[in-house]
Each structure stands twice: as structure tokens, then as C-alpha cells.
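What follows is a single structure, written as C-alpha cells, with notes after it.
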Amino acid sequence: MTADSDASDQPDWAAYQNLTPTAQTCLLLVAAYDGDAWRGLIAQAAQEGLDVSDRHVRRSLADLESVGLVESTGPNKHRQTYSVTDDGREVLIGMRDSLGRTLE
């Protein structure tokens, strides 16, 4: 990306750069524990070294859902299970490729 380009010039997968560390971790964990309850995400986030509250995880999941990277599924309206969308998978692939380039 050049200095005179803006965020709208980024490829779709580069959206991860605009996500908070908590949102990035939540996206990774939703992919790893597809369909698991959100409480599992809080425990996993803590194990990943993030000190986050239930509210912060819920907010991050809502943000990810609003930009179309995850979707809520489940038997009720309480949004307790999430899965990664196709756009979310594209972002994860971008994260992986970016890390790969960094480690080369």
C-alpha cells in the first residue's frame, strides 16, 4: 500500500489490521472452536494471555459480526454460538500469509 492510498484500497483479507488484538484473538478462537459457546472464548482468551471481561469479549464478537467476519448461530436469540463466515476465513488466510511473510 502506498502512502497516498487509504484504508479502502486494502484487499479484503487485510481487514485484520483494523481489528483490535482482542477481536483478532476472538476471530482465531471462533475458527478453532467453531460452534462453541462464547464462554469458552473467554477462557481461551485468558489462556492466550488477554485479560478480558465477558463484556469485552461480547463487544468484540458483536463487532466481528457487524463487519461480517463471524455469524451467530444457535437455538436461541442470546448469541451464544458463533462460526466464521467466508469473509472471516479470507481474513484468517490473510493473517496466516502475513505472519508467514514476516517469518521468512
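If you read the sequence from its start, that first residue is 1, and numbering goes on from there.
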For G94, is there any backbone N or O sitting under 3.5 Å from a side-chain donor or acceptor partner on S98?
no
Got a second to check how far L27's CG is from M95's CE, nearest 0.5 Å?
6.0 Å
Check R89 against V84 and note the closest heavy-atom contact, atom names and distance.
NH1-O, 3.0 Å
Would you say L69 and L19 make side-chain contact, with heavy atoms under 4.5 Å?
yes
If you define the side chain from C-beta out and look only at heavy atoms, does anything of D87 sit under 4.5 Å from V67?
no
State the CZ-CG distance between R58 and D63, to the nearest 0.5 angstrom.
13.5 Å
For D97, which residues count as a side-chain contact (heavy atoms from CB on, under 4.5 Å) partner, sequence neighbours excluded?
I93, R101
Heavy-atom closest pair (T20 atom, S60 atom, distance to 0.1 Å) is OG1-OG, 4.4 Å
Report the distance from atom CG of L64 to atom CZ of R59, rounding to the nearest 0.5 Å.
13.0 Å
Going from NE2 on H56 to SG on C26, what distance comes out if it is rounded to the nearest 0.5 angstrom?
7.5 Å
